[in-house]
Amino acid sequence: VVMGGNQLDAYDPRSGEQIWRLPGLVGGRTVTGPTLARDLVFATRGMKGPLLAVRGGRGELDDAAIVWKYEQGTPDTCCPVVWEKLLFMISDNGIAQCLDAQSGELRWRERFTGDYKASPVAADGRVYFVNTTGTCTVVAASSRFERLAENQVEDETIASPALSDGRIYLRGRKSLYCIGE
């Protein structure tokens with residue numbers, strides 16, 4: 001699934017054949033990649049455009065494929081992440097939000113410090129948000145806001161963290177960090 005400048009497309013990974021496309025998503029600038037969870041594709045249109053929840057199909061889709069749309073404080077750079085039935089996102093200027101993934105209903109909104117380029121990641125019932133100055137804010141993957149921790153690496157960080165075998169890998173400008181037991 002690929003978000004282009006003005007449409008969302010799905011392709012068969014074996015043949016490269018286009019399965020479906022949703023045209024008419026005018027925005028022309030897309031940095032984030034789509035997030036897939038259950039039967040929905042979550043995609044932002046960039047430049048503070050709306051976050052869309054789309055149900056795919058076959059061929060050319062129309063606006064009926066858009067299950068819901070959310071327009072408040074959407075990211076330009078960071079991809080959303082889904083944990084169970086909740087979608088978490090952060091705007092480039094630090095507005096973190098939790099939405100119900102099926103309805104798009106806002107569960108909570110909080111301002112975090114700093115600017116964000118890295119996409120949040122989720123594991124073990126937690127969501128990790130890393131800002132550009134190396135601060136990682138950890139929250140419960142819950143419909144109620146609960147800040148669990150705040151950690152700092154002394155480095156500039158714009159890459160999204162990677163998770164593997166109980167460890168968090170974080171690439172900074174100066175170093176690669178492995179955080180875990």
Is there side-chain contact between [X] and [Y], with heavy atoms separated by less than 4.5 Å?
X	Y	value
N151	V138	yes
T35	V81	no
D155	S175	yes
T133	E156	no
C136	E150	no
L52	I66	yes

Of all heavy-atom pairs between [X] and [Y], which one has the smallest distance, and what is that distance?
X	Y	result
G125	W83	N-CZ2, 3.1 Å
A123	L163	CB-CD1, 3.7 Å
V130	P161	CG2-CG, 3.7 Å
G172	T157	CA-CG2, 4.0 Å
P34	M3	CG-N, 3.8 Å
A141	F88	CA-CZ, 3.6 Å

Problem - side chain to side chain contact (heavy atoms under 4.5 Å, CB included) assessment of V54 paired with L8 - result: CA-CA 9 Å; V54 175; L8 183 64; 3.9 Å; yes
Practice task
Report the residues that fulfil side chain to side chain contact (heavy atoms under 4.5 Å, CB included) with Q18, sequence neighbours left out, ordered by chain and then residue number.
Solution key: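 Q7, D9, Y11, R21.
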Which distance, rounded to the nearest 0.5 Å, do you find between the [atom1] of [X] and the [atom2] of [Y]?
X	Y	atom1	atom2	value
Q97	T74	CD	OG1	8.5 Å
L86	Q102	CG	CD	10.5 Å
K174	E154	NZ	CD	7.0 Å
D115	C78	CG	SG	10.0 Å
L170	C178	CG	SG	10.5 Å
R126	L148	CZ	CG	6.5 Å

Handout entry: Side-chain (N131) to main-chain (T113) donor-acceptor, under 3.5 angstrom
Key =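 Judged by distance alone, yes, a pair lies under 3.5 Å.
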Problem - Sidechain-backbone polar pair: W108 side chain, S142 backbone, donor-acceptor under 3.5 Å - result: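 Here the side-chain-to-backbone pair exists.
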Handout entry: ILVMFWY clustering at 4.5 Å (side-chain atoms), partners of I95
Key =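 Traced through the cluster, I95 reaches no other member.
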Problem - Cluster companions of F42 among Ile, Leu, Val, Met, Phe, Trp, Tyr (side-chain spacing under 4.5 Å) - result: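 Members besides F42, by chain and number: L40, L51, V67, W68, Y70, V82, L87, M89, L99, L106.
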Practice task
State plainly whether one hydrophobic cluster holds both I179 and V121, where clusters connect Ile, Leu, Val, Met, Phe, Trp and Tyr through side-chain heavy atoms under 4.5 angstrom apart.
Solution key: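 Yes, one cluster joins them.
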Practice task
Could you list the residues that satisfy salt bridge (charged side-chain N to carboxylate O under 4.0 Å, His left out) with D62, not counting sequence neighbours?
Solution key: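 Salt bridge (charged side-chain N to carboxylate O under 4.0 Å, His left out) list for D62, sorted by chain: empty.
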Exercise for the section: Go through the structure and list residues passing salt bridge (charged side-chain N to carboxylate O under 4.0 Å, His left out) with R167, not counting sequence neighbours. Expected result: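 Residues passing salt bridge (charged side-chain N to carboxylate O under 4.0 Å, His left out) with R167: none at all.
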Should we say atom [atom1] of [X] is surrounded by more than 12 heavy atoms from elsewhere, each under 6.0 Å from it?
X	atom1	value
D124	CG	no
R173	CZ	no
Q152	CD	yes
I158	CD1	no

Exercise for the section: Take T77 and D92, measure what side-chain hydrogen bond (donor to acceptor under 3.5 Å, both in side chains) needs, and give me the verdict at the end. Expected result: CA-CA 6 Å; T77 306; D92 293 38; 2.5 Å; yes
Problem - Electrostatic pair D39:R55 at N-O distance under 4.0 angstrom - result: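 Counted as a salt bridge, because a side-chain N and a carboxylate O are separated by less than 4.0 Å.
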Problem - Within residues 151-181 or reaching into it, pairs that qualify as ring-ring contact (aromatic ring centres under 6.0 Å, His included) - sequence neighbours excluded - result: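 The answer is none; no pair qualifies.
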Exercise for the section: Just do the side chain to side chain contact (heavy atoms under 4.5 Å, CB included) check on R147 and T137 with the steps written out, would you? Expected result: CA-CA 7 Å; R147 186 183 312 253; T137 302; 3.5 Å; yes
Practice task
With C98 as reference, evaluate R144, R107, E105 under the side chain to side chain contact (heavy atoms under 4.5 Å, CB included) test and give the passing residue.
Solution key: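 It is R107, the one option of R144, R107, E105 that forms the side chain to side chain contact (heavy atoms under 4.5 Å, CB included) with C98.
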Practice task
Go through Y116 and T132 one step at a time and tell me if the side chain to side chain contact (heavy atoms under 4.5 Å, CB included) criterion holds.
Solution key: CA-CA 6 Å; Y116 290 77; T132 58; 5.8 Å; no
Practice task
Evaluate the criterion side chain to side chain contact (heavy atoms under 4.5 Å, CB included) for residue pair V139 and F129; output intermediate values, then yes/no.
Solution key: CA-CA 8 Å; V139 302; F129 298 89; 3.6 Å; yes
